[in-house]
Amino acid sequence: MTCMKSFLKTTLTGLLWLLGTLAVLPACATIISITPTPGSAGVPLGGSTSVAIAWNVLTVNGPFVSSPSGTFRANATGPILGTVTRLLTKPAAPTGTSSVMFTEVILVPMDVIYRAHKLGVTSFGYFRDFQDGNGFSGTPQSIALNITTSSTAGFSLSRLALLFDNGAPVRLLGLKEPLHALAEINFTGSGLVQAVWEVAGPSSTAGQPVYRPLASVRQYLVGGDKQVLRSPDLPTHSSGFYLVRLRITDPAPGFEQPVLRYFVSSGKPGEVLPIMPIALVTPARLALLAPDTLFAWEPIRAARAYQLEIYARAPTIGDTLPDLGDESTIATPTLPDTPAVTGMLVPGGQTRTALSSVSRSHLQAGRHYLWRVLAIGGDGNIVGASPVREIRLP
């Protein structure tokens, strides 16, 4: 630059030479405007959709116009929700003003729409920045994508089942053992489900349970089949009886929401108590199991919890014969070697319970089952056991 100033100061010939040189150089390319058509489009919550867009770029002194990619954003400075890696490029007039038209059909993925919806917005944008020989235009232009919810009109929940991560409906475990619950949701249509994982601890489960929230759930369900949700870590830091549930707040379910039960033992060595007999009250031998059937027993000391266990009994020819009511000829049932198919876990102060919908769902109509009650002490040991009884499912 210093040399140039010296040159200009010292000779008029040099100035004329410089002006002549600049006169033959091409003028700088400049993008004047970028206009997308249409300016907005609707995208359904619950599915992917295609949108056709025309970009009209007005530029001066070309020589080309291009855009390397497009992005989905809630706004021009917001986080990127998705990317379209399609290059748009065309030549432009090297001098003067020219209009360069690009057309593209973009797929707006379902997960991009859902991520925008989770941000709490009803509209987001598809942005493109164009460049010419002088660099980018500096102001990305966009088409507004308005989220519509018409696809959620048929969305409903038909079933919610809860199990622990090992597939069991009840758990007995030691202090600080890891534990999670799984929620299987059956549904029709597509839509957003909102729920809260909640747990009631030993301080309240002996009486009226008081639930506290563990984590909120906002999950988009699509496909009209089923979805499995996993709970956060469940508390196992204190011994005692716990209840856990996934309480669905929206959409309102048309069924009773299930509850899981688990017992955490102290795991401390101590006095080994003898196994005490537990007297059964109801139901009677070979009773028919109804939804409101109460399983009841007499209490025993040192019980921190009771576990009702139900085992599948292998079918026999006698299952189809009438019950003559003569118990003197009936042998005491023997539990099979297979594990219990279902059961219930209740606090030590409770000596009766009906089967929950979760527990009952593991039983098959027309089958015979065997059941018993175990008493669990504070250290997790079994301190009491009942005789085995048979029950029938109509």
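Starting from 1, each residue takes its place in the sequence as its number. Note that this is a predicted model, so its numbers are computed, not measured.
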Exercise. Just wondering, more than 12 heavy atoms not from Arg159 lying within 6.0 Å of its CZ?
Worked result: yes
Exercise. Does the side chain of Val259 come within less than 4.5 Å of Val244's, by heavy atoms?
Worked result: no
For this session: Using the test side-chain hydrogen bond (donor to acceptor under 3.5 Å, both in side chains), find all partners of Thr71 that sit at least two apart in sequence or belong to another chain.
Result: Arg73
Problem set entry | Under 3.5 Å: donor-acceptor pair, side chain of Ser204, backbone of Val210 | yes
Exercise. Taking the side chain as C-beta and beyond, is there a heavy-atom pair between Leu286 and His368 under 4.5 Å?
Worked result: yes
Problem set entry | For Tyr311, all residues meeting ring-ring contact (aromatic ring centres under 6.0 Å, His included), sequence neighbours excluded | none
For this session: Please examine the side chains of Trp197 and Pro232, heavy atoms only from C-beta on, and report whether any two atoms are closer than 4.5 Å.
Result: yes
Exercise. Is there a donor-acceptor pair closer than 3.5 Å between any side-chain N or O of Thr282 and the backbone N or O of Leu294?
Worked result: yes
For this session: Search all heavy atoms of Ile278 against all heavy atoms of Pro387 and return the closest pair with its distance.
Result: O-CD, 3.3 Å
Exercise. Going by atom types only, do Ser67 and Arg128 share a side-chain donor-acceptor pair under 3.5 Å?
Worked result: yes
Exercise. Would you say Arg367's side chain and Arg313's backbone share a donor-acceptor pair under 3.5 angstrom?
Worked result: yes
Problem set entry | side chain to side chain contact (heavy atoms under 4.5 Å, CB included) partners of Gln141, counting only residues at least two apart | Ile34, Trp55, Thr139
Exercise. Any side-chain heavy atom of Phe124 within less than 4.5 Å of one from Asn146?
Worked result: no
For this session: Using a strict cut-off of less than 4.0 Å between a Lys/Arg side-chain nitrogen and an Asp/Glu carboxylate oxygen, indicate whether Arg171 and Asp165 qualify as a salt bridge.
Result: yes
Would you be so kind as to tabulate the donor-acceptor pairs closer than 3.5 Å made by side chains of residues 337-344, with sequence neighbours excluded?
| from | atom 1 | to | atom 2 | distance (Å) |
| --- | --- | --- | --- | --- |
| Thr342 | OG1 | Ser359 | O | 3.0 |

For this session: For the residue pair Thr351 and Glu298, establish whether any side-chain heavy-atom pair is separated by less than 4.5 Å.
Result: no
Exercise. Taking side chain as C-beta onward, heavy atoms only, is Leu246 less than 4.5 Å from Gln257?
Worked result: no
Exercise. Between Leu179 and Leu173, does a side-chain contact (heavy atoms from CB on, under 4.5 Å) hold up when you go through it step by step?
Worked result: CA-CA 9 Å; Leu179 183 64; Leu173 62 161; 4.1 Å; yes
Problem set entry | Results of side-chain hydrogen bond (donor to acceptor under 3.5 Å, both in side chains) for Ser99 - residues two or more places apart only | Asn56
Problem set entry | Non-hydrogen side-chain atoms of Arg389 and Pro333 separated by less than 4.5 Å | no
For this session: Would you confirm whether Thr236, through its side chain, and Glu177, through its main-chain N or O, come within 3.5 Å as a donor-acceptor pair?
Result: yes
Problem set entry | Backbone of Ala144 reached by a side-chain donor or acceptor of Ser40 within 3.5 Å | no
Exercise. Thinking salt bridges, do Arg285 and Glu390 make one under a 4.0 Å N-O criterion?
Worked result: no
Only pairs under 3.5 Å count here: list side-chain donor-acceptor contacts from residues 74-96, not counting sequence neighbours, and write none if there are none.
| from | atom 1 | to | atom 2 | distance (Å) |
| --- | --- | --- | --- | --- |
| Asn75 | OD1 | Thr77 | N | 3.1 |
| Asn75 | OD1 | Thr77 | OG1 | 3.2 |
| Asn75 | OD1 | Gly78 | N | 2.7 |
| Arg86 | NH1 | Glu104 | OE1 | 3.3 |
| Lys90 | NZ | Met101 | O | 2.4 |

Problem set entry | Axial cation check for Tyr242 ring with Arg261, 6.0 Å and 45° limits | no
Exercise. Between Phe127 and Phe72, does the ring centroid distance fall short of 6.0 Å?
Worked result: no
Exercise. Do the side chains of Gln219 and Leu229 get nearer than 4.5 Å, heavy atoms only?
Worked result: yes
